[in-house]
Every structure is written in structure tokens, then in C-alpha cells.
Engineer: 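Please read through the structure below; I'll follow up with questions.
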Amino acid sequence: MKVLIIGGGGREHAIAWKAVQSPKVHKLYCAPGNAGIAEIAECVDIGVMEFDRQVEFARSKGIDLVIVGPDDPLVAGAADAFLKAGMRVFGPEKKAACLEGSKSFSKDLMKKYNIPTAAYETFDQASAALTYLETAKMPVVLKADGLALGKGVLICNTLEEAKDGVRTLMLDKQFGSAGDRIVVEEFMVGREVSVLAFVDGKNIKIMTSAQDHKRAKDGDKGLNTGGMGTFSPSPFYTEEIDAFCRKYIYQATVNAMKSENREFKGIIFFGLMLTKEGPKVLEYNARFGDPETQVVLPRMKNDIIEVFEACIDGTLDKIDLQFEDNAAVCVVLASAGYPEHYEKGFPIKGLEHFKDQAGYYVFHAGSRSGEDGMPVTNGGRVLGVTALGRDLKEARANAYEATNWVDFENKYMRHDIGKAIDEA
Ligand code: AMP
Ligand code: GLY
């Protein structure tokens, strides 16, 4: 098969790494890719939102399968563009990707189908939101309805903060039209877990659990980021919790989408909060998580291309999804200053240490090939260093050891990825 992956982050590098292990793949392309992906695939300089060029390229190369990685193209209809051209694509259509693309849609869906989530109200007018907040219980969570690079969620401790938040989202339009509508949500307390799942429209197969670290600094301080590190499995995601989620959340979501005539094929990422009253859905994403994918796929036993095809063909029930009985930790190496201002263009040294080191992986995110062929930094999150271990503690020690193998100017990481493991 000739396969094309759309995207160029750490998630896409992990998907590409897993895809080339499939005996079914004889040629892999990636648009636009990055310096790490370029070692295993042919990268083409086409942006993730350039659907016409993507389709034209796929047609000219006779691509058999397209995999769309990021949320922005999926929500904007990337899968639809390939389907319209008669191609096989892994990823939800636009009408299903709104599960991530619109918070009010997903909240209304959960309410209608009794899927556990935080109580909420939706507002299209700032004045109504401000009036509502006067009597709301603090802290409260404000969410821009649309995609906002993961930054459209504001946790407000006081009424003043909440009012400022409404102004930022709805009047100052910090996230553009994503803030035309907001969801005001009850604040939930608990541990967060990320659960990714393959979905074929009717069947769902759950992958092993993971936990992300969203804040920039140690001790969960600093600004929200795309994710500074992950571990898998989550020791807090017990069999009892899994059973509850299977009964009330996972299949229920797939069925709800089908009932709404928005059949979902692709990845559903369940962002869960384990509250005292039980697990509740924080959010849905319509794609693999980043950097969750970098700890989940190295533990997956199956041929991922077979699973992708089963999702497209509606035969996921025939797949026996299996994961290794081990653990993985990923530490993100970022450019100092991320997620705000940072410099890029620095050579990345030491990547060769990962060659032939079983159980150690370096997934590139913000990198590109420099003039002399050596990769240089090209983004906020530069690399994800993943290591396996027999258990989480071993995986964590291995991952931090491997972070020393690579270096670049302004290298920054959190030193407490997986600290929660010690509380399990
Ligand atoms: P989201 O993009 O919806 O996942 O929100 C980003 C982050 O905000 C989540 O990972 C949580 O840490 C936090 N968050 C979102 N909604 C809530 C909530 N209702 N209660 C507490 N924290 C929340
Ligand atoms: N790591 C969180 C996300 O992918 O949205």
C-alpha cells in the first residue's frame, strides 16, 4: 500500500513509526512531516489545511490510504475532501468531527444521551453570560465553543476573573469566532485520564489509558501547553472505572453520534475526569492525542494499518486490540519560553543515540532539516523522548535518562513527568 499521513507533529511521527512496521506498507508519504518523519517517509511540502493540493498529490501518487492526524483539518472537512475524491481515508467526516470542533455540540449530545459530564449552560451573548455568572458557583470554567489551539478553556476562581474571561472570549475575541459562543461549566475536581479509542461508526475498541501534563512548569504551574509529557497506563484508571466508562460513556457516545446521523469513524479521545461521583467526560477530541500517542502506540501489539482499515470498513469488531503488559513515559523537550515566545533554528545533537536502542524512541515535533542535513529546532515542542519499562517507575527512569542523550540550545523540559505514579 501507498500511505499518506497529513500532519507534522510528534503524534504524526508516532503514527508514521507504527505504520512503517506494517508489512502492508511499501511507501509512506507525509505532508508536511518534519525532520524525524523524513527518516522513515517521504515528506512533501503541503500544509495540513491545503486540501486541494493534498487530494491532487494523493491522486498523482495513487495513494491507497490517507490518515489525517490533527484536529484543525478534520474539523474543517479534510476527510470529506478525500472521500469526495473517492479515496480511502482514516478520520471522521466534518459532521462527526464537530464532536471536538464544537463544545456546545458535544455538551448537548452528552446531555441528550445521558453521558456523564459537568453541568453547563451555553451563551451566544456576553450580556446573558455576565448575568448568569452573578449567581454561579465559583470556581467556574469558561470554554470557547470552537477550536482555540487548546487555549480556549479558562478556569476562573472569582466572579471578577469569570467576567474578564467572558470579555476576553466573547468581546475581545481573543480566539476569533471560536468565542462567538461559550460554554460555562461546573468546575470538577479529580484526576484526569486520556483514553483513546478506535471507532468504525458502530463499534469501538478502547486503547490503553494515559495521562498528560498540560502545564508548562513543574508542579502543574505555568501556562497550558499542548502537553509536556505523558505516561501510560494510568494507575488510577482501574478496572472498576473502565467498566463504568464502557457501560455509560464509550459505546454510548458512538451510538449517540450514529443516532444523530453523524456516524463517527476514526479516533475518539475521551478526556475524563475521575470525580468522587464517578468518571465524567471533560472533553472529546476527534483524533489521537499529542503526546498521548507517543506512549500508547509503542505499547500496541497490532498492525495499525489493519486497525485503520477495519475502522474504514466497519469491521472493527473482528479486531482483537492488544497492548503489551508494560509501561511507557514520554518527556517533551521544548524550546525555553514555550508556549509563549521562543527562538528556533538551533541544531539538535545526539539523535543517533536512539538508533538500535530497543525500548527508547525519539519522536520529532517541531524540527526541520537544516542546511547540512542536521535537524534544527523549529517549534515550541521540539522532541518527545519515550521509553518503555516493565513498570511506570522503570519507564520514567529510562525516559529521563534518554533526555540526556540529545541536546539543543534552549532545551527545556519538566522534571516531574509521571510524579503522580508515586501516589498510586
Ligand atoms: P479541555 O480543552 O476541555 O480539555 O480543557 C483543558 C483543561 O482544562 C482540561 O484538561 C482540564 O484540566 C481543565 N478543565 C476543563 N474543563 C474542566 C472542568 N469542568 N473542571 C475542571 N477542570 C476543567
Ligand atoms: N494532549 C492533549 C491533546 O492532544 O489534546
Engineer: Can you confirm whether Y120 sits close enough to M110 that some side-chain heavy atom of one is under 4.5 Å from a side-chain heavy atom of the other?
Structural biologist: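 No, side chains not in contact.
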Engineer: Any side-chain heavy atom of V296 within less than 4.5 Å of one from F323?
Structural biologist: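 Side chain of V296 against side chain of F323, heavy atoms only: contact under 4.5 Å found.
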Engineer: Between Y342 and Y412, does the ring centre distance come in under 6.0 Å?
Structural biologist: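 Judged by ring-centre distance (under 6.0 Å), Y342 and Y412 do not meet the cut-off.
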Engineer: Between D303 and S22, is the side-chain hydrogen bond (donor to acceptor under 3.5 Å, both in side chains) condition met? List the steps.
Structural biologist: CA-CA 6 Å; D303 176 335; S22 169; 2.9 Å; yes
Engineer: Please enumerate all residues that pass side chain to side chain contact (heavy atoms under 4.5 Å, CB included) together with N378, with sequence neighbours excluded.
Structural biologist: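 For N378 the side chain to side chain contact (heavy atoms under 4.5 Å, CB included) partners, ignoring immediate neighbours, are K344, R368.
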Engineer: Hey, could you give me the NE2/OG1 distance between H13 and T293, rounded to the nearest 0.5 Å?
Structural biologist: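 One finds 13.0 Å between NE2 of H13 and OG1 of T293.
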Engineer: For the pair Y361 and F363, name the ring-plane relationship: parallel under 30°, tilted 30 to 60°, perpendicular over 60°.
Structural biologist: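 Parallel.
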Engineer: K84: what forms a salt bridge (charged side-chain N to carboxylate O under 4.0 Å, His left out) with it, not counting sequence neighbours?
Structural biologist: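 Checked K84 against salt bridge (charged side-chain N to carboxylate O under 4.0 Å, His left out); zero matches.
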Engineer: Under 4.0 Å between a side-chain nitrogen and a carboxylate oxygen: does that hold for K112 and E260?
Structural biologist: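 Looking at K112 and E260, the cut-off is met.
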Engineer: Side chains of S177 and D145: does their closest heavy-atom pair fall under 4.5 Å?
Structural biologist: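 S177 vs D145: side chains apart.
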Engineer: To the nearest 0.5 angstrom, please state how far the CG atom of D242 sits from the OG atom of S209.
Structural biologist: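 OG of S209 is found 8.5 Å from CG of D242.
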Engineer: Looking only at side chains, do D212 and T230 share a donor and an acceptor under 3.5 Å apart?
Structural biologist: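 On atom types as modelled, these side chains do not qualify, holding no pair under 3.5 Å.
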Engineer: What pairs of residues pass the ring pair (Phe, Tyr, Trp, His ring centres under 6.0 Å) test when at least one of them lies in residues 267-289, not counting sequence neighbours?
Structural biologist: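 Sorted result for residues 267-289: Y250-F270, F270-Y284.
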Engineer: Could you check if a side-chain atom of P298 sits within less than 4.5 angstrom of a side-chain atom of W17, using non-hydrogen atoms only?
Structural biologist: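 Side chain of P298 against side chain of W17, heavy atoms only: contact under 4.5 Å found.
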Engineer: Please evaluate residues M1 and E309 with respect to the criterion side chain to side chain contact (heavy atoms under 4.5 Å, CB included), reporting the C-alpha separation (whole Å), side-chain torsions for both, the decisive distance (0.1 Å), and the verdict.
Structural biologist: CA-CA 12 Å; M1 286 168 75; E309 293 207 282; 3.8 Å; yes
Engineer: Can you name the salt bridge (charged side-chain N to carboxylate O under 4.0 Å, His left out) partners of K27, sequence neighbours left out?
Structural biologist: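 Here the qualifying residues are E42.
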Engineer: If you define the side chain from C-beta out and look only at heavy atoms, does anything of L333 sit under 4.5 Å from V406?
Structural biologist: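 Counting from C-beta outward, L333 and V406 do come under 4.5 Å.
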Engineer: Should the ring pair F198 and F308 be called parallel, tilted or perpendicular, given that the plane angle runs from 0 to 90° and is split at 30 and 60?
Structural biologist: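 Correct class here is perpendicular.
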Engineer: Are any of the side-chain nitrogens in K111 or D108 under 4.0 Å away from the carboxylate oxygens of its partner?
Structural biologist: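 The answer is no: the pair does not qualify as a salt bridge.
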Engineer: Please walk me through it: do N255 and Y113 pass side chain to side chain contact (heavy atoms under 4.5 Å, CB included)?
Structural biologist: CA-CA 9 Å; N255 295 351; Y113 293 92; over 6 Å; no
Engineer: Would you check if E161 and I155 make a side-chain contact, meaning some heavy-atom pair closer than 4.5 Å?
Structural biologist: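 Result no, sub-4.5 Å side-chain heavy-atom pair not found.
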Engineer: Using the test side chain to side chain donor-acceptor pair (under 3.5 Å), find all partners of R215 that sit at least two apart in sequence or belong to another chain.
Structural biologist: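 Side chain to side chain donor-acceptor pair (under 3.5 Å) list for R215, sorted by chain: empty.
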Engineer: Measuring from K107:NZ to E121:CD, what's the distance to the nearest 0.5 Å?
Structural biologist: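 If we round to the nearest 0.5 Å, K107:NZ and E121:CD are 11.0 Å apart.
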Engineer: Give the intermediate values and the outcome of side chain to side chain contact (heavy atoms under 4.5 Å, CB included) for residues R88 and D313.
Structural biologist: CA-CA 10 Å; R88 278 165 76 73; D313 296 335; 3.0 Å; yes
Engineer: Just wondering, do T315 and N203 contact through their side chains at under 4.5 Å, heavy atoms?
Structural biologist: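 No. Closest side-chain heavy atoms not under 4.5 Å.
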Engineer: For the atom pair CE (M413) and CE (M228), what is the distance rounded to the nearest 0.5 Å?
Structural biologist: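 Result: 9.5 Å between the selected atoms.
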Engineer: Can you tell me how far CG of L272 sits from CD of E283, rounded to the nearest 0.5 angstrom?
Structural biologist: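 CG of L272 is found 10.0 Å from CD of E283.
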Engineer: Could you name each residue pair satisfying salt bridge (Lys or Arg N to Asp or Glu O under 4.0 Å) that touches residues 55-76, not counting sequence neighbours?
Structural biologist: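 Counting only pairs at least two positions apart or across chains, the salt bridge (Lys or Arg N to Asp or Glu O under 4.0 Å) contacts touching residues 55-76 are D71-R287.
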Engineer: Rounded at 0.5 Å granularity, tell me how far OH in Y360 sits from CG in N398.
Structural biologist: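 Y360 OH to N398 CG: 3.5 Å, rounded to 0.5 Å.
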Engineer: Would you say the side chain of N157 lies within less than 4.5 Å of the side chain of F187, judging by non-hydrogen atoms?
Structural biologist: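 F187 does not reach N157 side chain to side chain.
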Engineer: Quick test of your reading of the model: are K173 and D180 salt-bridged, counting only N-O distances below 4.0 Å?
Structural biologist: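 Yes.
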Engineer: What do the steps show when you test V332 against Q294 for side chain to side chain contact (heavy atoms under 4.5 Å, CB included), and what is the final call?
Structural biologist: CA-CA 10 Å; V332 169; Q294 291 90 312; over 6 Å; no
